[in-house]
Amino acid sequence: MNKVVVVTGASGGIGAELARQLGARGATVVLAARRRDRLDALAREIGAHALAVVTDVTRKSDVEQLARTAIERFGRIDVWVNNAGRGISCSVADLGDEELDAMWSINMKSVVHGIQAVLPHFKARNAGQIINVSTALSKAPGAPVRVAYAAVKAAVNLLTASLRVELKTTHPGIHVTLLVPGLVATEFGINSLGSGNVDNRTLTGAQPVEDAARAIVEVIEAPRSEVYTSARVAEGVARYLREPDVVESELAARRH
Ligand SMILES: NC(=O)c1ccc[n+]([C@@H]2O[C@H](COP(=O)([O-])OP(=O)(O)OC[C@H]3O[C@@H](n4cnc5c(N)ncnc54)[C@H](OP(=O)(O)O)[C@@H]3O)[C@@H](O)[C@H]2O)c1
């Protein structure tokens, strides 16, 4: 694959696995996250066509620097994956201001920073792809304790669709994709804010991280507007949209 791909949240989980799979296909990957040691180790593993750039995606200046560094080093960016994200376990009744701000910063502002950093470059070429990683929890209320995370990701969904519509007429060469995973076996649970978090990797039914990352590789190879990483999860969401009352009753019964 002859593409230059920026991946945020590349120091672990879906982002790291995506970078590995892209690197194995010959893509050039720019790895962004806060943990330098993990990024450097992954860049060494992938080889000369990988570059680690320590980035805090909640800081606009960091993300602008990430885009500049990628373009200076490789001449262009073809794909930008806004994958960095963080969950929280907290009922809506107990959410504090700081927690709400943290959810908005890491899951929403980070996406806006990424879009704003790369869009002028994509517009100048009328080419490129932005992939925003959401969650099935933003489509159906599967885990009430993750409400703040899910609601912010729902905002990302609408932002993504709106950007796609805006660019369709002015810059039809730019693709905008929403990527929707269900539960994936990563460190996401243990990295989440709040108490009582479990390790996703121990949960039955969690999708292997390799499969979730492969869905992103596939949507880079053949761009589409919205993709679920699992057909089972897509069907669960579709069922919720068809019969929300039934599904909500089932969910409530399961919690008691
Ligand atoms: N795993 C799931 O079940 C699941 C389900 C649906 C959607 N998702 C979404 O998938 C994406 C990836 O999650 P994951 O499962 O791979 O989780 P993960 O294993 O916890 O990885 C999260 C990544 O985001 C990075 N990150 C967090 N805060 C950051 C910041 N301020 N600046 C830069 N990077 C930051 C982390 O790196 P550093 O800590 O080194 O910065 C890490 O590389 C997220 O958007 C998540 O919402 C996950």
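Atoms within a ligand are numbered from 1 in the order they appear, just like the ligands themselves. Residues: numbered from 1 along the sequence shown.
- Side-chain atoms of Lys153 never come within 3.5 Å of backbone atoms of Ala136 as a donor-acceptor pair (strictly under, hydrogens ignored).
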Atom pairs and distances, donor-acceptor, side-chain atoms in residues 184-200, under 3.5 Å, two or more places apart:
from	atom 1	to	atom 2	distance (Å)
Thr186	OG1	Phe188	N	3.0
Glu187	OE1	Arg38	NH1	3.3
Glu187	OE1	Arg38	NH2	3.2
Glu187	OE2	Arg38	NH2	3.3
Asn191	ND2	Glu187	O	3.4
Ser192	OG	Phe188	O	2.8
Asn197	OD1	Ser89	OG	2.5
Asn197	ND2	Ser192	O	3.2
Asn197	ND2	Leu193	O	3.1
Asn197	ND2	Gly194	O	3.0
Asp199	OD1	Arg201	N	2.9
Asp199	OD1	Arg201	NE	2.9
Asp199	OD2	Arg201	NE	3.3
Asp199	OD2	Arg201	NH2	2.8
Asn200	OD1	Gly189	N	3.4
Asn200	ND2	Val184	O	3.0

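- Listed by chain and number, Gly9, Ala10, Ser11, Gly12, Gly13, Ile14, Ala33, Arg34, Arg35, Thr55, Asp56, Val57, Thr58, Asn83, Ala84, Gly85, Ile106, Val133, Ser134, Thr135, Tyr149, Lys153, Pro181, Gly182, Leu183, Val184, Thr186, Glu187, Phe188, Asn191, Asn200 each place a non-hydrogen atom less than 4.0 angstrom from ligand 1.
- Side-chain polar atoms of Ser162 and Glu166 form no donor-acceptor pair below 3.5 angstrom.
- Applying the side-chain hydrogen bond (donor to acceptor under 3.5 Å, both in side chains) test to pairs two or more places apart or on separate chains, those with a residue in residues 167-179 are Gln129-Thr177.
- Among residues two or more places apart in sequence or in another chain, the salt bridge (charged side-chain N to carboxylate O under 4.0 Å, His left out) test is passed with Arg73 by none.
- Both Val6 and Val118 are assigned to one and the same hydrophobic cluster, defined by single-linkage of ILVMFWY side chains at heavy-atom distances under 4.5 Å.
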